[in-house]
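Beneath this line is the structure, given in structure tokens, with notes to follow.
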2 protein chains.
Amino acid sequence: MFIDFEKYIKTQADLTDQDIKLFRDTAMEKTLRRKDFLLQAGDVCRYKTFVCKGFLRSYRTTDNGNEHVMQFSPENSWTTDPESYENHTPSSYNIDALEYTEVIMWTKKDFDYLFEQLPSLKVYSDRLIAGNLARTRQRVFSAISATAEERYDEFMKMYPGILTRVPLHMVASFLGVSRETLSRIRHTQVKP
Amino acid sequence: MFIDFEKYIKTQADLTDQDIKLFRDTAMEKTLRRKDFLLQAGDVCRYKTFVCKGFLRSYRTTDNGNEHVMQFSPENSWTTDPESYENHTPSSYNIDALEYTEVIMWTKKDFDYLFEQLPSLKVYSDRLIAGNLARTRQRVFSAISATAEERYDEFMKMYPGILTRVPLHMVASFLGVSRETLSRIRHTQVKP
DNA sequence: TAAAAACGGTGACAAATGTCCTCGTTTAGG
DNA sequence: CCTAAACGAGGACATTTGTCACCGTTTTTA
């Protein structure tokens with residue numbers, strides 16, 4: 001399991017085998033079956049998590065019980081609730097597994113230590129966060145400027161392959177439209 | 001003008017007078033009249049900008065010419081296009097002044113130098129970015145989960161005082177609804 | 001200070017989307 | 001392997017929102 005992470009992180013940051021050992025010494029491995037939770041709303045998100053294999057989903061629930069997907073996390077991606085993780089506050093997010101999933105996690109204490117020891121990790125992390133912010137801003141822009149169909153097309157371009165792994169209603173939830181609306185959009189697009 | 005920044009930054013990061021001098025030596029002051037641009041779409045955003053006085057707006061324009069406000073920046077706040085600034089790529093954003101405005105700007109080269117010299121500045125900046133990401137994520141969640149009226153109420157709670165400084169249609173644009181819809185939402189709310 | 005532009009509101013109508021329902025099909029899991 | 005749940009589709013209708021047009025007032029600016 002850790003080997004997946006090792007392969008990946010070496011392509012992203014300049015790290016020696018000694019550095020990798022630091023990661024391994026503090027990493028916690030975990031496997032999740034479909035529908036298992038990595039984080040439940042109300043709990044504090046205590047870990048940064050790397051997805052080695054499988055598929056996670058982050059979502060929030062409104063007062064009336066509707067689920068809204070904020071993020072999909074396939075293998076070779078990171079997930080956490082940054083707000084809860086940084087401030088040790090109860091999270092608003094649920095993170096669960098959509099299929100059998102293997103992850104590695106680090107506590108904030110341990111990961112902060114890694115930052116101190118490995119300057120290039122901080123550079124990599126900053127780049128990740130910058131990319132995350134850029135994508136989130138783009139999503140806001142789409143939400144306030146584009147039609148449901150345009151948002152769907154953009155989603156398919158940006159995340160090809162996700163649709164084959166998650167049920168349609170979760171994509172609809174991610175886009176902020178009802179399941180039925182997305183179904184109709186897709187139907188009108190098959191004709192031409 | 002610089003004195004406004006000095007007062008502010010001292011409340012945010014632990015800095016000596018010597019540190020402040022480093023800021024001053026590289027700062028560029030600029031004043032903007034109403035409707036002047038700080039950044040135009042297509043140009044590279046070369047500066048981090050601190051608003052000492054006045055009010056800036058960041059917005060993007062769709063292909064059909066509609067303006068969509070991404071951010072309001074009153075005095076004592078920062079603005080830039082992080083994506084363009086970091087990568088030296090042409091920006092999609094316009095930033096203009098809604099009233100007479102005084103700003104201080106630093107080039108990336110100079111600001112990166114400040115980061116090297118002042119560790120506490122990096123800590124402060126990371127905190128700013130984390131807050132920015134949290135707010136942007138919250139805005140996505142509102143966009144995909146809340147009604148126009150709920151988003152308006154949330155906006156008024158989160159940014160009280162903005163409505164008195166900007167025309168209604170810009171708030172509508174920020175929220176992703178038409179001017180008319182926002183006008184009606186406000187009308188139904190005055191009755192009770 | 002006078003003309004022009006911006007602004008906020010509103011009615012009428014159209015378009016987009018949500019809600020509720022039913023119905024086969026597929027998939028998950030005991 | 002079999003049953004229950006999940007899924008995707010679609011019809012009918014209600015609701016929300018956008019669009020267009022117009023109006024009177026306020027603000028800007030030449």
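Letters A, B, ... are given to chains in the order of the sequence lines, protein chains preceding strands, and every chain is numbered from 1.
Between B:Asp25 and B:Lys21, at least one side-chain nitrogen of the basic residue sits less than 4.0 Å from a carboxylate oxygen of the acidic one, meeting the salt-bridge criterion.
Distance A:Glu99 CD to C:dA28 P: 10 Å, rounded to the nearest Å.
A search for side-chain contact (heavy atoms from CB on, under 4.5 Å) contacts involving B:Glu180 returns B:Ser178, B:Arg184, not counting sequence neighbours. For A:Tyr93, there are no ring-ring contact (aromatic ring centres under 6.0 Å, His included) partners two or more places apart in sequence or in a different chain. Applying the ring-ring contact (aromatic ring centres under 6.0 Å, His included) criterion to A:Tyr113, with sequence neighbours excluded, gives no partner residue. B:Lys122 is linked by a side-chain contact (heavy atoms from CB on, under 4.5 Å) to A:Lys122, A:Asp126, B:Phe115, B:Asp126, counting only residues two or more places apart in sequence or in another chain. Every ring-ring contact (aromatic ring centres under 6.0 Å, His included) that A:Tyr159 has, sequence neighbours left out, goes to A:Phe155. Listed by chain and number, the residues in a side-chain contact (heavy atoms from CB on, under 4.5 Å) with A:His68 are A:Thr62, A:Asn66, A:Ser173, B:Phe141, B:Ile144, B:Ser145 (sequence neighbours excluded).
When the local axes at the two ends of the helix from C:dT1-D:dA30 to C:dG30-D:dC1 are compared, using 5 base pairs at each end, they differ in direction by 70° after rounding to 10°.
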Contacts under 3.5 angstrom, residues 127-135 of chain B side chains, donor-acceptor by atom type, not counting sequence neighbours:
| residue | atom | partner | partner atom | Å |
| --- | --- | --- | --- | --- |
| B:Arg127 | NH2 | B:Gln12 | O | 3.1 |
| B:Asn132 | OD1 | B:Thr136 | OG1 | 3.3 |

Kindly list each side-chain donor-acceptor pair under 3.5 angstrom involving residues 31-54 of chain B, sequence neighbours excluded, with atom names and distances?
| residue | atom | partner | partner atom | Å |
| --- | --- | --- | --- | --- |
| B:Asp36 | OD2 | B:Arg33 | N | 2.8 |

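Residue-environment remark: CG (B:Asp153) exceeds the threshold of 12 foreign heavy atoms within 6.0 Å.
In this structure, B:Tyr8 has its ring center at least 6.0 angstrom away from the ring center of B:Phe5.
Using a 4.0 Å cut-off on heavy atoms, the residues of residues 153-174 of chain A that approach DNA chain D are A:Pro167, A:Leu168, A:His169, listed by number.
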Response to the item:
Contact string for nucleotides 13-27 of chain C, one letter per nucleotide 5' to 3', B = base within protein heavy-atom range under 4.0 Å, S = sugar-phosphate only, - = neither, reads ----SSBBB------

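Between B:Arg137 and A:Met70, the shortest heavy-atom contact is O-CE, 3.5 Å.
In the 5' to 3' direction, nucleotides of DNA chain D lying under 4.0 Å from heavy atoms of chain A begin and end at D:dC7 to D:dA12.
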